[in-house]
Protein chains: 2
Amino acid sequence: MTAPLDASDRRLIEALQDDSRQSLTDLAARIHLGLSATRARLLALEERGVLTGYRTEVDPAALGYTLRAVVRMKVHGALYDKVKSVLDRTPQIVRCLRVTGESCYVLEVVAVDMNDLSAITSELARVGSVTTDLVYETLVDRPVPPRL
Amino acid sequence: MTAPLDASDRRLIEALQDDSRQSLTDLAARIHLGLSATRARLLALEERGVLTGYRTEVDPAALGYTLRAVVRMKVHGALYDKVKSVLDRTPQIVRCLRVTGESCYVLEVVAVDMNDLSAITSELARVGSVTTDLVYETLVDRPVPPRL
DNA sequence: TAGTCTGCCGCAGAATATGCGGCCTAGGTG
DNA sequence: CACCTAGGCCGCATATTCTGCGGCAGACTA
């Protein structure tokens with residue numbers, strides 16, 4: 001937060017969210033700046049921690065994951081280490097948020113079939129009480145919008 | 001799904017999930033294949049729809065979003081178009097899943113402050129009954145693991 | 001054995017990125 | 001007002017990377 005983002009920064013971020021693998025040259029064209037200026041801004045945004053990494057979107061179905069589920073989990077505070085341990089050794093847990101309200105944790109899980117899902121939720125049920133909802137479809141999956 | 005993924009494909013996917021902006025040359029070194037073979041596999045994975053895009057991770061705090069929330073929403077079926085309309089015009093909704101169970105939709109929202117959050121949830125409340133949980137922290141945010 | 005297919009390597013030319021010097025402008029100072 | 005400085009941009013020369021081939025080796029078939 002050392003300096004506010006200007007319009008060029010925002011355009012750059014949007015361009016990268018759209019396709020993070022495009023060349024610096026293309027990015028430069030897209031934000032109407034020269035190559036050097038574009039690179040300087042990119043490096044600065046990384047340096048300042050605004051850009052934290054570049055990832056690939058994968059189609060889970062192509063990897064054999066036919067199921068996705070949202071799991072809510074209620075845990076007695078003392079078991080936090082156990083929660084952490086399950087999270088660490090279960091790569092099918094792709095997301096876990098600690099939240100206010102009834103359920104202490106909201107997780108998102110991918111699974112190859114019902115057996116797989118059952119195994120994961122059973123493991124989770126050992127550290128808390130669990131509610132599982134299957135995902136029919138993903139309506140929205142957007143990057144954080146760079147407005148301010 | 002025309003062909004199963006072999007070990008090199010999986011390594012390539014992992015490498016790209018780790019840093020999608022690295023050069024083909026680096027990727028090739030990492031998966032122990034030549035440049036051309038690496039490129040051919042990358043193009044094939046894109047072609048087959050396994051790799052669906054390349055995105056940038058952004059720190060929401062750096063963009064001024066101090067709050068994140070999980071919102072569950074229960075809707076009467078007939079309002080589906082209205083739901084879609086809200087999703088389309090609210091960029092702060094970064095994720096929306098349609099699920100089984102009590103709540104028809106689970107959404108994830110970013111907001112700059114409580115007023116902002118309030119405005120978004122109010123909008124959502126016009127199409128269904130809404131439960132909002134604030135996010136304390138994100139414990140896990142992983143790519144889908146390329147095992148099968 | 002010969003034919004064909006698949007997947008890999010390596011190469012040469014084209015495209016991109018890197019590192020630096022220099023220019024311009026805004027803001028501060030005597 | 002003239003001068004100075006700092007920040008941000010451009011453009012260039014060199015280094016690195018990508019692209020589009022051709023060719024080779026192993027597996028499978030007839």
Side-chain angles (χ1 to χ4, degrees), chain A residues 1-64 143-148, chain B residues 1-64 143-148:
Chain A
M1 301 234 99
T2 70
L5 267 38
D6 69 7
S8 294
D9 287 326
R10 276 183 257 121
R11 274 196 302 253
L12 180 54
I13 292 169
E14 274 168 3
L16 285 164
Q17 282 173 338
D18 190 44
D19 175 10
S20 67
R21 253 187 98 69
Q22 66 191 297
S23 70
L24 219 36
T25 304
D26 287 347
L27 290 170
R30 203 154 148 181
I31 71 174
H32 309 116
L33 280 181
L35 190 56
S36 310
T38 303
R39 190 164 74 109
R41 278 168 183 270
L42 180 56
L43 295 176
L45 288 171
E46 289 172 351
E47 187 63 31
R48 286 163 53 190
V50 178
L51 268 25
T52 57
Y54 306 101
R55 281 200 191 172
T56 300
E57 295 274 299
V58 170
D59 177 7
L63 297 182
V144 173
R147 295 290 151 211
L148 181 53
Chain B
M1 300 228 104
T2 71
L5 266 38
D6 69 7
S8 293
D9 286 328
R10 276 184 257 120
R11 273 196 303 254
L12 179 54
I13 292 169
E14 276 168 2
L16 284 165
Q17 282 173 338
D18 190 45
D19 175 10
S20 68
R21 252 188 98 69
Q22 67 191 299
S23 70
L24 220 37
T25 305
D26 288 348
L27 290 170
R30 201 154 150 182
I31 71 174
H32 309 115
L33 280 181
L35 189 57
S36 309
T38 303
R39 189 164 75 110
R41 278 169 183 270
L42 179 56
L43 295 176
L45 288 172
E46 288 173 351
E47 186 65 30
R48 286 164 53 191
V50 178
L51 268 25
T52 56
Y54 306 101
R55 282 199 190 173
T56 300
E57 295 274 299
V58 169
D59 177 8
L63 296 183
V144 173
R147 295 290 151 207
L148 181 52

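In the text below, chain A, chain B and the rest are named by the order of the sequence lines, each starting its count at 1. The basis for the numbers below is simple: all heavy atoms, side chains too, and nothing from hydrogens, waters or symmetry mates.
- With a 4.5 Å cut-off on side-chain heavy atoms, A/Leu16 and A/Leu42 count as touching.
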When you look at A/Thr52 and B/Val58, which way does the side chain to side chain contact (heavy atoms under 4.5 Å, CB included) test go after all the steps? CA-CA 6 Å; A/Thr52 57; B/Val58 169; 5.9 Å; no
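- Closest of all the heavy-atom pairs between B/Pro146 and B/Arg10 is O-CD, 2.6 Å.
- Between B/Arg39 and D/dG20 there is a side-chain N or O to OP1 or OP2 distance below 4.0 Å.
- One atom, CG of A/Leu45, and another, P of D/dG8, lie 12 Å apart when rounded to the nearest Å.
- A salt bridge links A/Asp6 to A/Arg41: one of the charged nitrogens lies within less than 4.0 Å of a carboxylate oxygen.
- No side-chain heavy atom of B/Arg11 sits less than 4.5 Å from a side-chain heavy atom of B/Leu33.
- With axes fitted over five pairs at each extremity, the angle between the ends of the helix from C/dT1-D/dA30 to C/dG30-D/dC1 is 20° (10° resolution).
- If you check every strand for non-hydrogen atoms under 4.0 Å, B/Leu33 touches sugar and phosphate atoms only.
- On a pure distance criterion of 3.5 Å, a polar donor-acceptor pair joins the side chain of A/Ser36 and the base of D/dG11.
- Here the closest non-hydrogen pair linking B/Pro60 and A/Val144 is CG-CG2, 4.2 Å.
- Between the CD1 atom in A/Ile31 and the CG atom in A/Asp9 there is a gap of 8.0 Å [rounded to 0.5 Å].
- Residues A/Thr56 and B/Gln17 come closest through the heavy atom pair OG1-N, 3.9 Å.
- Atom P of nucleotide D/dG8 and atom CG of A/Leu42 are separated by 16 Å, given to the nearest angstrom.
- Between B/Glu46 atom CD and D/dT19 atom P the separation is 10 Å, expressed in whole Å.
- Less than 4.0 Å separates DNA chain C from at least one heavy atom of each of the following residues of residues 11-29 of chain A: A/Ser23, A/Leu24, A/Thr25.
- Although no hydrogens or angles enter the test, the distance criterion places no donor-acceptor pair under 3.5 Å between the side chain of A/Arg21 and the main chain of B/Arg55.
- Comparing C/dC8, D/dC9, C/dA17 against the side chain of A/Arg41 picks out D/dC9 as the nearest.
- Between B/Leu35 atom CG and C/dC8 atom P the separation is 13 Å, expressed in whole Å.
- As a whole-Å value, the separation of B/Leu43 CG from D/dG20 C1' is 12 Å.
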